[in-house]
Amino acid sequence: MTDKENTKTEKKSPAKKTEETEIKETPKKRRVSKKKETEEKPEEEKEHEILHKPVPPEFIADLKKFSEIVTANPAIFEPIREVFEYHLIDTIDRKTFPKIVNAMSMLLGAPATMVLMTACHINSAAFFEDLLYVVKDDESTRNSVWIIQHLTSLYGNRVQQAYNLSAGTMDEDWHSVDVNTFKREGENPTWIVELKLMLYNGEESHIKMTPDSALQLVDILSTELAKNVPKESVDDTLVKKCSKNIEEFYNKFYGCDNEKSEDENPAGYA
């Protein structure tokens, strides 16, 4: 009887031991899986950081001020549009952008105006994706981002043009140019190149030249640039464009000289 009881006890012991082991091991496995989850989260965050550029906290603070204004006065959307329409209806020049900023500041205040005008002159979908990622938990600010995005879709191209014209341009630099070439009839018919230059300060210059005189002016300016201006201060694309135009101009007058006649022997033959 005693032996049987001992046997039963021995048979039960392993089973009991296994059950205890499972109970002890289960939390361990859970702890490991939780640890893995914690390790995976930073990797996801890193991916988002790569996809979205950081937005300065000062900009987000100003964005929230814009949000407060729009939330308190939803009807302000129309006056904002009117400011854009009023200043962008005429020809865009160097003073257009500062005029819009000044008018918009009276309507929204400086911080909110800075946010709106920055978004418009950047004029990029990626910019709004970065903003929405930062303010994803703030529904009110997300709605304001959508309003700014809507305004940018309407006026972004023209505001961007106005900003580019206003940035770092001298009053004495030329803003627009009108060139007209015509033949003046008479006893001695002459070809005339007429050049009208409008400066950023509003002044206008009007010059009439012969083709030779115009070419001399081009030569003087290009020589001056080649000798005295550092390479990095001139846009590569413009240089290539000018080079192509000069080559076409040269070929117009001297292209025939470069063509080989049918009777000309190939190089290397007598």
Side-chain angles (χ1 to χ4, degrees), residues 53 84 87-101 117-130 152-185 189-261 264 267:
K53 290 182 182 177
F84 278 127
H87 289 282
L88 294 172
I89 195 169
D90 296 324
T91 306
I92 294 170
D93 59 26
R94 187 181 65 85
K95 295 178 182 177
T96 302
F97 188 82
K99 282 179 182 175
I100 297 174
V101 171
M117 298 306 291
T118 300
C120 283
H121 85 68
I122 290 176
N123 195 23
S124 163
F127 174 77
F128 291 104
E129 288 173 11
D130 296 337
T152 302
S153 70
L154 294 173
Y155 307 108
N157 288 337
R158 284 181 286 169
V159 170
Q160 190 178 52
Q161 185 185 351
Y163 175 79
N164 291 338
L165 282 175
S166 70
T169 307
M170 296 182 296
D171 285 345
E172 297 81 9
D173 198 355
W174 68 274
H175 169 239
S176 61
V177 60
D178 183 18
V179 182
N180 183 29
T181 305
F182 60 92
K183 188 177 181 181
R184 185 158 59 189
E185 302 294 347
T190 311
W191 281 95
I192 300 294
V193 179
E194 185 180 37
L195 178 67
K196 290 180 182 177
L197 283 174
M198 177 66 74
L199 306 186
Y200 280 109
N201 60 14
E203 293 179 11
E204 186 178 343
S205 297
H206 188 189
I207 309 171
K208 288 184 180 179
M209 307 169 278
T210 62
D212 280 345
S213 177
L215 188 57
Q216 283 174 349
L217 181 58
V218 171
D219 180 56
I220 290 166
L221 291 174
S222 58
T223 303
E224 182 68 18
L225 289 171
K227 285 184 178 178
N228 299 321
V229 174
K231 183 181 175 182
E232 59 273 11
S233 63
V234 182
D235 185 10
D236 289 346
T237 312
L238 278 174
V239 174
K240 288 172 186 173
K241 185 181 177 184
C242 290
S243 175
K244 186 181 175 185
N245 289 336
I246 290 169
E247 187 181 355
E248 287 176 1
F249 175 80
Y250 184 84
N251 288 336
K252 178 177 181 178
F253 296 96
Y254 299 104
C256 296
D257 291 351
N258 295 331
E259 292 175 4
K260 293 180 181 178
S261 63
E264 187 180 352

Can you list the residues that meet the side chain to side chain contact (heavy atoms under 4.5 Å, CB included) rule with [X], with sequence neighbours excluded?
X: Ile246; answer: none
X: Val218; answer: none
X: Asp235; answer: Thr237, Leu238

Might you point out which heavy atoms bring [X] and [Y] nearest each other, and give the distance in Å?
X: Trp174; Y: Leu199; value: CA-CD2, 3.9 Å
X: Ala119; Y: Thr152; value: O-CG2, 3.7 Å
X: Pro211; Y: Trp191; value: CD-O, 3.2 Å
X: Met198; Y: Glu203; value: SD-O, 3.4 Å
X: Asp93; Y: Lys95; value: OD1-N, 2.9 Å
X: Ala214; Y: Met209; value: CA-SD, 3.9 Å

What is the distance from atom [atom1] of [X] to atom [atom2] of [Y], rounded to the nearest 0.5 Å?
X: Glu247; Y: Cys242; atom1: CD; atom2: SG; answer: 13.0 Å
X: Ile207; Y: Leu217; atom1: CD1; atom2: CG; answer: 7.0 Å
X: Asn157; Y: Cys120; atom1: CG; atom2: SG; answer: 10.0 Å
X: Thr190; Y: Lys208; atom1: OG1; atom2: NZ; answer: 12.0 Å
X: Ser166; Y: His121; atom1: OG; atom2: NE2; answer: 8.5 Å

Side chain to side chain donor-acceptor pair (under 3.5 Å) pairs, two or more places apart, involving residues 209-225: Glu224-Asn228

Answer yes or no: is there a side-chain heavy-atom contact under 4.5 Å between [X] and [Y]?
X: Val159; Y: Asn123; answer: no
X: Val193; Y: Phe182; answer: no
X: Met117; Y: Ile100; answer: yes
X: Thr96; Y: Tyr163; answer: no
X: Val177; Y: Lys196; answer: no

Any residue meeting ring pair (Phe, Tyr, Trp, His ring centres under 6.0 Å) with His87, in chain and number order, not counting sequence neighbours: none

Set of ring pair (Phe, Tyr, Trp, His ring centres under 6.0 Å) partners for Phe84, sequence neighbours left out: Tyr155

Heavy atoms of other groups near Glu194 CD, more than 12 under 6.0 Å: yes

Whether over 12 other heavy atoms sit under 6.0 Å from Ile89 CD1: no

Val229 and Val234: CA distance, side-chain angles, deciding distance, side chain to side chain contact (heavy atoms under 4.5 Å, CB included) verdict: CA-CA 8 Å; Val229 174; Val234 182; 3.8 Å; yes

